[in-house]
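Numbers here are sequence positions counted from 1.
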Amino acid sequence: MGSEGGGRPENVQQSSRFVATWIVGGAVLGLSVLGLRLVLPKKKKRPIRVYMDGCFDMMHYGHCNALRQARALGDQLVVGVVSDAEIIANKGPPVTPLHERMIMVGAVKWVDEVISDAPYAITEEFMRKLFDEYNIDYIIHGDDPCLLPDGTDAYALAKKVGRYKQIKRTEGVSSTDIVGRMLLCVRERTTVDSPSHASLQRQFSHGHSQKSDDGGAGSDTRVSHFLPTSRRIVQFSNSKGAGPDARIVYIDGAFDLFHAGHVEILRLARGLGDFLLVGIHTDQTVSANRGGHRPIMNLHERSLSVLACRYADEVIIGAPGEVSKDMITTFNISLVVHGTVAEDNDFQKETGNPYAVPISMGIFQVLDSPLDITTSTIIRRIVSNHEAYQKRNEKKAASEKRYYEGKSYVSGD
């Protein structure tokens, strides 16, 4: 019994040593594996790439909001811009040619890559190219219909393979709507003797629509119904302000019917400093300088279009027409610039020059505008071919009516 009793402590000691060795060994092995994991580089997760296409004719804040929503569905946004020929075949003549539309889309701050001459309809061949060559994960479109001339859905194939995602359309604006506003503007200027002219002028200037009981010139003509919210402005705004030592460049204007000429002058201005501050003139200032039929887009619509541009860091919504000393001091402006191509070359005035203060301070610079395009250029394009654009608008309205009558349609949230 003594020998048995004496052997138990020894067995316990051996078991304890075994357990301790096992624990220490496990700990060492665990640390070794952990160290190996820390040393080895982590495999990068492939970014989710989404694709959205469109005509982007007379690009406006609705287009920009669609691109913003599309970008939120992935890590990288690739945008296809439909060719002029495809637009003519499916919708009618575009107002802005392809090279201008490419400039506009490329300047939107949520766009990572642009594909030129995209087809109007997503064919099986092009869809395979998107998936295989461009590594696209999903094809995005708004909840409004995109119909081919035969009435079929242009995104039917993408939906069939389960690689389609939908965003909400921005209500209150469309290229068709803007064409209508411009045609209304032209009618007002050419029918001064009409009894309804003064009333129509007032209605248009204040962003309302007029519907005549007798089906007159203003019948069912849509103008701005845009209702700005602080949330939308925040969505479009940049999160960072100018640093304490930043060279702040200031440029102002109407920026009505925001176009490629605007984009290019903003690009040049941004290159002259660290931060570009853009002043957007009030509707009243624009009307006083360019006539009661202007602006086509109201102040908040114009502000959102500029905010969506990657070259604009901040905007002053309702900037004064004159750049004062107090304004220069308040915003710490280092340089004030103006392009050579503009509706009003008021920087050349001897008296009543809105840039007199920055000129006297030696901080004013005139930039050679890269493109000879103004808001009037866009309006002239519409006027010169207004019959074709009216037919285009009627064609679109008819096809959408057939679409909605043919299926039950519910708008997304």
Side-chain angles (χ1 to χ4, degrees), residues 58-65 68 104 107-109 170-175 177-182 184-185 188 200-210 221-238 250-259 261-263 265-266 269 276-309 311-324 327 330-331 333 336 338-339 342-344 346 354-355 373-376 378-379:
M58 290 193 304
M59 194 160 184
H60 49 72
Y61 67 90
H63 290 132
C64 297
N65 193 45
R68 180 190 65 80
M104 294 297 295
V108 175
K109 60 187 176 185
T170 303
E171 296 298 333
V173 68
S174 68
S175 297
D177 167 47
I178 295 170
V179 168
R181 295 192 207 181
M182 281 187 278
L184 173 61
C185 160
E188 290 171 2
L200 195 60
Q201 182 72 61
R202 286 194 299 272
Q203 296 262 357
F204 181 76
S205 298
H206 289 86
H208 299 293
S209 65
Q210 173 176 322
T221 301
R222 292 185 61 210
V223 287
S224 178
H225 296 292
F226 178 66
L227 298 174
T229 63
S230 58
R231 181 169 175 266
R232 178 72 77 223
I233 292 171
V234 168
Q235 287 172 338
F236 275 55
S237 300
N238 292 334
Y250 179 73
I251 186 170
D252 64 350
F255 297 99
D256 195 16
L257 296 178
F258 195 66
H259 51 71
H262 290 138
V263 168
I265 199 66
L266 292 182
L276 181 60
L277 179 63
V278 184
I280 316 294
H281 293 161
T282 66
D283 295 346
Q284 291 76 14
T285 299
V286 178
S287 293
N289 292 332
R290 300 176 192 179
H293 58 285
R294 299 281 192 90
I296 304 297
M297 311 293 282
N298 71 35
L299 174 60
H300 290 93
E301 291 176 309
R302 293 181 283 120
S303 297
L304 287 181
S305 292
V306 175
L307 276 172
C309 181
Y311 306 118
D313 295 294
E314 182 63 285
V315 305
I316 299 176
I317 301 175
E322 181 179 318
V323 182
S324 65
M327 181 179 172
T330 300
F331 292 101
I333 295 170
V336 178
H338 195 286
E343 299 275 350
D344 303 309
D346 45 11
Y355 304 102
I373 304 172
T374 66
T375 300
S376 293
I378 307 299
I379 294 175

### Query
What's the verdict on side-chain contact (heavy atoms from CB on, under 4.5 Å) for Ile280 and Ile317, showing C-alpha distance, side-chain angles and the deciding distance?
CA-CA 5 Å; Ile280 316 294; Ile317 301 175; 5.6 Å; no
### Reported OG-to-NE2 distance for the pair Ser305 and His259, which is rounded to 0.5 angstrom
11.0 Å
### Query
How long is the span from the CZ atom in Arg181 to the NE2 atom in His293, to the nearest 0.5 Å?
15.0 Å
### Backbone of Leu277 reached by a side-chain donor or acceptor of Asp313 within 3.5 Å
no
### Query
Is there a donor-acceptor contact under 3.5 Å from the side chain of Lys109 to the main chain of Leu307?
yes
### Task
Quick one: do Met327 and Tyr250 satisfy side-chain contact (heavy atoms from CB on, under 4.5 Å)? Show the steps, please.
CA-CA 11 Å; Met327 181 179 172; Tyr250 179 73; 3.0 Å; yes
### Query
Under the 3.5 angstrom rule, does the side chain of Glu343 hit a backbone N or O of Ser376 as a donor-acceptor pair?
yes
### Task
Say whether, by atom type as modelled, one donor and one acceptor occur between the side chain of Thr375 and the main chain of Asp256 under 3.5 angstrom.
yes
### Task
Supply the atom-to-atom distance Ile378 CD1 to Ile296 CD1, rounded to the nearest 0.5 angstrom.
11.5 Å
### Backbone of Leu299 reached by a side-chain donor or acceptor of Asp283 within 3.5 Å
yes
#### Entry: Reported OG-to-NE2 distance for the pair Ser287 and His281, which is rounded to 0.5 angstrom
13.0 Å
#### Entry: Gap between atom NE2 of His338 and atom CG of Asp252 - 0.5 Å precision
6.5 Å
#### Entry: Geometric class of the Phe255/Phe258 ring pair [parallel <30°, tilted 30-60°, perpendicular >60°]
tilted
### Message
Applying side-chain contact (heavy atoms from CB on, under 4.5 Å) to His262 and Val306, what does each step give before you reach the verdict?
### Response
CA-CA 9 Å; His262 290 138; Val306 175; over 6 Å; no
### Task
Using atom types as modelled and distance alone, determine if a side-chain donor or acceptor of Arg68 lies under 3.5 Å from a backbone N or O of Phe236.
no
### Query
Under the side-chain contact (heavy atoms from CB on, under 4.5 Å) criterion, do Tyr61 and Arg232 qualify, and how do the steps go?
CA-CA 11 Å; Tyr61 67 90; Arg232 178 72 77 223; 6.0 Å; no
### Query
Once you round to the nearest 0.5 Å, how far does OG1 of Thr374 lie from CG of Leu257?
10.0 Å
